[in-house]
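Convention: sequence-line order gives letters A, B, ...; per-chain numbering from 1.
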Amino acid sequence: MKDQEQTIEAKQVAFQYESEDGSSTPVLQNVSFSIKKGSFVSIIGHNGSGKSTIAKLINALLVPSEGAIIVSGFSTSEQEYLWEIRQQVGMVFQNPDNQIVGTIVEDDVAFGLENLGIEREEMRKRIDESLAAVKMSAYLKSQPQRLSGGQKQRVAIAGILAMRPSIIILDEATAMLDPQGRKEVMQLVHQLHLEEGFTIVNITHFPEETLGSDRIIVMEQGKIYADGTPSEVYADVEGLLAIGLDVPFAVRLHHFLQQHGFSLSTVLDQEELVDELCKSLLKT
Amino acid sequence: MSILQNFTLGQFVPSDSFVHRLDPRSKFLFLLVYAVVVFLSNQIWLYAVFTAILIFSLRLSKLSLAYIFRGLKPVWFLLVFTIILQLFLTKGGEVYVQWGWFSIEEDGVRQAFFIAMRLGLIVVMSSLLTLTTSPMDLTDGIEKMLGPFKKIGLPVHELALMLSIAIRFIPTLLEETDKIMKAQMSRGANFESGGMISRAKAMIAIVIPLFVSAFRRAEDLALAMEARGYRGDVGRTKLRQLAFSYRDGLVIVFMILMVVAVGVWRV
Ligand SMILES: Nc1ncnc2c1ncn2[C@@H]1O[C@H](COP(=O)(O)OP(=O)(O)OP(=O)(O)O)[C@@H](O)[C@H]1O
Ligand SMILES: [Mg+2]
């Protein structure tokens, strides 16, 4: 079945950065996972746990020291597939300012297309389409410094959409945004996932952002600590808190209530929690 | 307000005037030729002609004179300094003023006039280029014009990209400088008074954090560019294309006439 296809596969991946004095500390060890086409996966983990490294490995910006990463059937370790992989996998980075290359919006969206060697007519068409998709058409000729953080991130996403990828990786893309900008970007990402079928990998520090995902991978010191649906992962509240991770507010409150003798069925977000509480109140 | 607010030198003003719609390459070429003939001329009346050409170009650009001259503030000092230097240090011809060893003589006045005219005309004409040409057109023009030098190994594409990235990041870095300055001032740093040494020290407190952040940005940007499939000039297309129009033809014809006229009358 087509929609069961694995689009990203990491097979026993290990990675270390080589430092100048020849020594190296392992950053990833024995990391294996596979991501289904069209799924929405969140990656959470402590600072330095290797999340960004995973993102860079998927986009072939880094190559595994051991093991292999297969993206849409291409191994990232093989140089000849590099450009296919980079076209397939779009990346949005944390700092909105540091990923915009063009002096105006239209130039920036064109950058990836120019790299791919797309014809001009086609470029024009794709620029218009992808800016419309992120609702930034009105800003075609704007200079990046005139845009808000959320708008800059949307332009960055447009630049990626124009390249027609199948996977979008967001590496803490909302970390530097205000709540409004964060909402804009996450809404857009969910819409792209639901309506256009993009595979999304969202690396984040905000536990609330992970609730809408199909799956959460928890990283801890270069290893996968947990991997499952949000309800599976957040069932282990104590474990997550013990490795210093935050959990969504509703999950924490639910956990607290249970510890104090309330029996409630598992919930993830605040609405579910409110429903659950009302139900249990009615029962008593 | 911000100390860096009145930074207008070389800031593009969008419009649809005749000058704005010229191809950047013809503007560059015209500026170059204009600069050369202005420098080579030694007749006072020729400078009247060059001034007329400049005023005509300014009219064609529809820019406000006030805006242009505001952008030239940093240059005034240089201009006045050079004039004074020429005025007092060049000797020869009739002596106009004499106070002890200190004198203003005919050749000095003459030289000061020429230098002032040359610098003034060329500076205003160049700022006309940057005020009427968008940064993208500017870099595209440079890239195209230097194109032939690729053959001898000049990294033309890289130079043009560097230039456009620099232009892209100037406002970002200015904003950041402003932020750092305010942060340092709130810690008691003083940039406006004090001796040379204490001011230089205060500047270091700006420059170092600015450098650190610029390097960080450069690293991020390089990564983002690579992630978007950048691999140098190989198999690359361009969104922007330059095209000559009848306007450029007019400018080129005018330029040739100017060169011929100066060539004939100079001797
Ligand atoms: N270029 C590099 N050279 C050497 N070590 C690096 C480099 N980049 C990252 N590291 C190290 O690799 C480890 C994992 O880094 P990574 O950036 O993947 O973490 P992360 O989970 O993304 O953290 P954060 O939440 O802070 O973004 C860290 O210990 C970091 O110090
Ligand atoms: Mg990271």
Worksheet entry | Test item: Asp107(A) side-chain N/O and Gly102(A) main-chain N/O as donor-acceptor pair under 3.5 Å | no

Item to complete: Examine distances only and state if a side-chain atom of Ser127(B) and a backbone atom of Val124(B) form a donor-acceptor pair shorter than 3.5 Å.
Response: yes

Part of [X] lying under 4.5 Å from any heavy atom of chain B:
{"X": "Gln99(A)", "answer": "both"}
{"X": "Glu106(A)", "answer": "both"}
{"X": "Phe111(A)", "answer": "both"}
{"X": "Ile100(A)", "answer": "both"}
{"X": "Asn59(A)", "answer": "side chain"}

Worksheet entry | Close approach to chain A in residues 226-244 of chain B, criterion heavy atom under 4.5 Å | Glu226(B), Ala227(B), Arg228(B), Gly229(B), Tyr230(B), Arg231(B), Gly235(B), Arg236(B), Thr237(B), Lys238(B), Leu239(B), Arg240(B), Gln241(B)

Is a salt bridge present between [X] and [Y], judged by a nitrogen-to-oxygen distance below 4.0 Å?
{"X": "Lys152(A)", "Y": "Asp97(A)", "value": "yes"}
{"X": "Arg124(A)", "Y": "Glu129(A)", "value": "no"}
{"X": "Asp178(B)", "Y": "Lys182(B)", "value": "yes"}

Response to the item:
Residues at least two apart in sequence or cross-chain that pass salt bridge (Lys or Arg N to Asp or Glu O under 4.0 Å) with Lys27(B), listed by chain then number, are none

Worksheet entry | Contact check, side chains of Met125(B) and Phe30(B), non-hydrogen atoms, under 4.5 Å | yes

Discussion item. Can you tell me which of Arg216(B), Met225(B), Arg217(B) forms the most heavy-atom pairs within a distance under 4.5 Å of chain A?
Written reply: Arg217(B)

Worksheet item: For Thr172(B), is it the side chain, the backbone, both, or neither that has a heavy atom closer than 4.5 Å to a heavy atom of chain A?
Response: side chain

Discussion item. Using side chain to side chain contact (heavy atoms under 4.5 Å, CB included), reason through Ile70(A) and Ile8(A) one step at a time and then give a plain yes or no.
Written reply: CA-CA 6 Å; Ile70(A) 317 288; Ile8(A) 306 170; over 6 Å; no

Practice prompt. Please determine, by modelled atom types, if Glu176(B) and Ser213(B) share a side-chain donor-acceptor pair under 3.5 angstrom.
Written response: yes

Response to the item:
Of the listed Arg120(A), Gln87(A), Gln94(A), Met163(A), the one with the largest count of heavy-atom pairs under 4.5 Å with chain B is Arg120(A)

Item to complete: Start with the C-alpha distance between Glu121(A) and Lys125(A), add both sets of side-chain angles, then the distance that settles salt bridge (charged side-chain N to carboxylate O under 4.0 Å, His left out), and finish with yes or no.
Response: CA-CA 6 Å; Glu121(A) 319 267 284; Lys125(A) 206 179 104 217; over 6 Å; no

